[in-house]
Amino acid sequence: MEIQKAPLEGGTWDKDIRRVGQLTPMLTGSTPRVGGITMQHVVTACEPTSMSEAVVMEPSQAGGFLESPCGAQHSAASLDDGTVDTANESSEEESTGEKEEAIVTLDAVTISTKATEVPAEHSANTQHVKAKRPDSLSVPAAEPRLWTSQRDAEVKLRIGDSGVAAETPLTVNQMFTSVVERFGDCTALSWKEGEQQKSLNYKDYYQSCRTAAKSFLKLGLQRYHGVGILGFNSAEWFIADIGAILAGGFAVGIYTTNSPEACQYVAENSKANVIVVENHKQLQKILQIEDKLPHLKAIIQYKDALKEKRPNLYSWAEFMALGRDEPDAPLDAVISSQKPNQCCTLIYTSGTTGQPKGVMLSHDNITWTALSTGIHVHLTEAREVVVSYLPLSHIAAQMMDIWVTMRVGGATHFAQPDALKGSLVNTLKEVRPTAFMGVPRVWEKMQEKMKSVGAKSSTVRRKVAAWAKDLVFKKVRKALGLDRCSKCYTGAAPITKDTLEFFLSLDIPLYELYGMSESTGPHTISRPEAFKLTSCGKEIPGCKTKLHTTDEEGNGEICFWGRHVFMGYLNMPDKTEEALDAEGWLHSGDLGKHDKNGFLFITGRIKELIITAGGENIPPVPIEDAVKEALPLVSNAMLIGDKKKFLSMLLTIKCQTNAETGDPEDELTAEGQELCRKLGSNATRVSQVAGGRDRAVHAAIQEGINQVNERATSNAQRIQKWQVLERDFSIGGGELGEWERKSREEKKASITWL
Ligand SMILES: Nc1ncnc2c1ncn2[C@@H]1O[C@H](COP(=O)(O)OP(=O)(O)OP(=O)(O)O)[C@@H](O)[C@H]1O
């Protein structure tokens with residue numbers, strides 16, 4: 001059954017607001033059930049458990065590893081067991097008619113055009129007031145807006161009037177305690193230490209987070225101040241993240257390959273009181289900048305023994321010991337003062353120009369998106385197992401590994417730090433996850449590996465391999481550790497059709513996931529019953545898409561609406577207003593179109609952003625400017641790297657231009673010739689320099705590139721290859737002006753070594 005969705009309103013109730021009539025996405029007929037997680041706020045009083053007290057599993061127990069996180073204790077109540085949930089039926093109903101959006105504030109007023117009453121026990125911080133029609137509403141002066149850029153402010157939540165969009169907002173603590181109540185004995189986290197398997201169940205995990213929260217408070221963590229976390233995925237990473245949130249701070253993941261300066265920016269911007277580092281190497285980065293961090297009070301190292309003693313430097317065990325005997329009351333007071341519409345997490349995302357932006361995510365952003373995503377992809381309660389290996393400073397990994405998995409009582413197993421250097425498949429084979437997410441580069445690597453194994457074998461065996469592909473899917477899946485994984489996802493960057501087809505030919509459909517940090521991760525996800533190759537699928541329930549200023553082919557800027565839309569950029573009201581329009585739609589900067597069945601296809605990008613195959617977002621302009629500044633001989637610098645493994649750069653040299661046509665000529669400008677002479681070169685023409693023909697110029701350019709690379713924010717932002725072109729860019733040549741974008745694509749395609 002497919003239900004036609006009615007033309008969408010602009011997302012708010014204001015009648016004067018621009019309408020978005022053209023969009024008519026379809027919803028599939030499958031009716032997901034709203035996850036049965038109880039909403040009570042339960043604080044269980046148990047003895048805190050430290051990481052060192054984690055349960056040690058016998059190897060035999062670990063055998064096929066986690067058969068299910070919760071053994072037989074739970075009856076695997078599927079979120080998609082065919083039960084038709086009335087709440088969600090009405091969600092589809094709402095899609096068929098003119099939709100009135102309800103907006104709820106969590107302090108003074110709740111405006112609900114179809115007033116959904118919330119049970120009193122779920123709304124400690126919420127007063128519901130039946131709303132008048134918005135156009136006759138007099139809005140109280142202190143009412144929060146949809147967005148903010150202040151660390152301590154509250155926002156209006158975009159609560160719908162039925163279905164998932166109307167679910168009661170929860171804080172992270174409320175969600176976690178309800179999970180503990182239902183799945184307390186289920187495995188939450190597991191990892192390997194040497195040959196030993198270790199794990200924590202939900203009860204102990206929660207208690208460890210509380211202990212960490214008490215320790216943070218003891219170290220002086222202030223409300224709405226950051227706890228920076230810099231290191232590879234581990235139980236300590238999660239506990240520090242959630243501990244920071246429970247203690248009223250912000251959890252702030254820092255990209256592990258960030259330079260000290262880039263770490264400094266994040267620590268300063270988030271006013272980090274504490275930084276949690278993985279090991280000595282990461283510690284060194286923070287020690288280099290600690291004098292420049294006035295808010296920093298303590299550093300914690302969570303792996304390996306400390307190599308030096310310093311005041312305010314703690315091992316993980318020392319850190320957890322700080323909070324272990326602390327009373328509950330102060331922490332409980334902080335927890336009960338938290339509201340779902342307040343910020344709890346910052347995700348730093350590359351600005352296309354200037355400094356990274358701190359994406360403020362509220363408790364509701366996180367708890368609601370986890371719920372909606374779990375429903376959309378049909379996760380099974382107390383049964384899911386995932387492997388955590390993607391960088392946790394990104395929302396995609398946080399959402400999948402921490403929040404969605406928690407929401408359904410699943411287990412997260414931590415991969416080894418060298419996962420991406422080769423150990424991932426071994427971990428997958430041991431753990432046999434039920435859901436797995438890879439950025440395109442991960443899938444490409446698997447594809448390359450499988451192809452190279454095929455290439456090495458003899459012709460006969462190769463033929464057998466090609467033939468066998470159709471018959472031995474199970475074996476292939478097993479060899480990849482994906483034999484019980486029915487949900488394989490790709491996201492964060494565009495993936496090639498070739499890779500999608502390769503895996504499909506092995507009976508491994510890759511479901512595409514599309515979203516942004518600003519949408520708390522997923523906006524659309526494809527899934528078995530709504531799958532089209534190269535489409536990113538359809539919206540997670542309760543979210544809407546509009547395509548802004550469409551062209552004749554239906555391509556427009558993809559805009560999002562829903563409870564997953566972020567609060568704003570920290571301290572950047574202007575940037576926030578650029579990202580969110582007057583109606584509150586989040587403008588993605590991506591181009592897309594819908595097919596007649598409502599499948600979303602990403603067709604391009606308006607924003608000047610390179611997204612590598614590894615999913616790293618890289619703003620090209622600051623890097624290009626830095627190269628031009630370091631190398632006065634260079635007239636144009638163009639960074640290439642979209643969908644590529646690494647960054648490359650195309651350079652042009654300052655040359656004369658034809659006064660009549662404006663076309664570039666071969667002769668260097670006087671300045672260019674002078675600069676060459678200073679470098680020890682006699683070159684007077686571009687053709688003498690291009691393609692690495694002039695050693696002195698070549699060496700000087702390499703030197704300049706090295707200087708820029710030294711200042712790079714992270715490894716991913718380093719220029720690995722470069723080339724001087726035979727001709728400068730020009731409008732006539734098609735590289736500049738309105739063709740610049742197209743030209744980028746063409747140039748990219750013509751360079752074979754990329
Ligand atoms: N499936 C996809 N296909 C094409 N582009 C994508 C896809 N998913 C994300 N992107 C690109 O990535 C951008 C968002 O990057 P951003 O870093 O904010 O979030 P993310 O990639 O979802 O999360 P992460 O923080 O993990 O990188 C999108 O605006 C889009 O350009």
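Numbers for residues simply follow the sequence, beginning at 1. Note that ligands are numbered from 1 as they come in the structure, with each ligand's atoms numbered from 1 the same way.
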Considering heavy atoms of the protein only, find what lies nearest to [atom] and give residue, atom and distance to 0.1 Å.
atom	result
atom 28 (C) of ligand 1	D590 OD2, 3.2 Å
atom 27 (O) of ligand 1	H394 ND1, 2.7 Å
atom 17 (O) of ligand 1	N617 ND2, 2.8 Å
atom 8 (N) of ligand 1	A492 N, 3.3 Å

- Is there at least one pair of N or O atoms, one from I602 and one from ligand 1, spaced under 3.5 Å apart? no
Residue-level breakdown please: for [X] versus ligand 1, do any non-hydrogen atoms fall below 4.0 Å on the side chain, on the backbone, on both, or on neither?
X	value
L513	backbone
A493	backbone
E616	neither

Ignoring hydrogens and angles, state whether a donor on the side chain of [X] or [Y] is under 3.5 Å from an acceptor on the partner side chain.
X	Y	result
H587	H548	no
H413	S190	yes
H523	T545	yes

- Item | From N233 atom CG to Y389 atom OH, the distance as rounded to the nearest 0.5 Å | 10.0 Å
- Query: Which atoms of ligand 1 have any heavy atom of I395 under 4.0 Å away?
  - Reply: 23 (O), 25 (O), 26 (O)
- Do NZ/NE/NH1/NH2 and the carboxylate oxygens of K546 and E557 come within less than 4.0 Å? no
- Task: Check whether any side-chain heavy atom of D574 lies under 4.5 Å from a side-chain heavy atom of Y569, and answer yes or no.
- Result: no
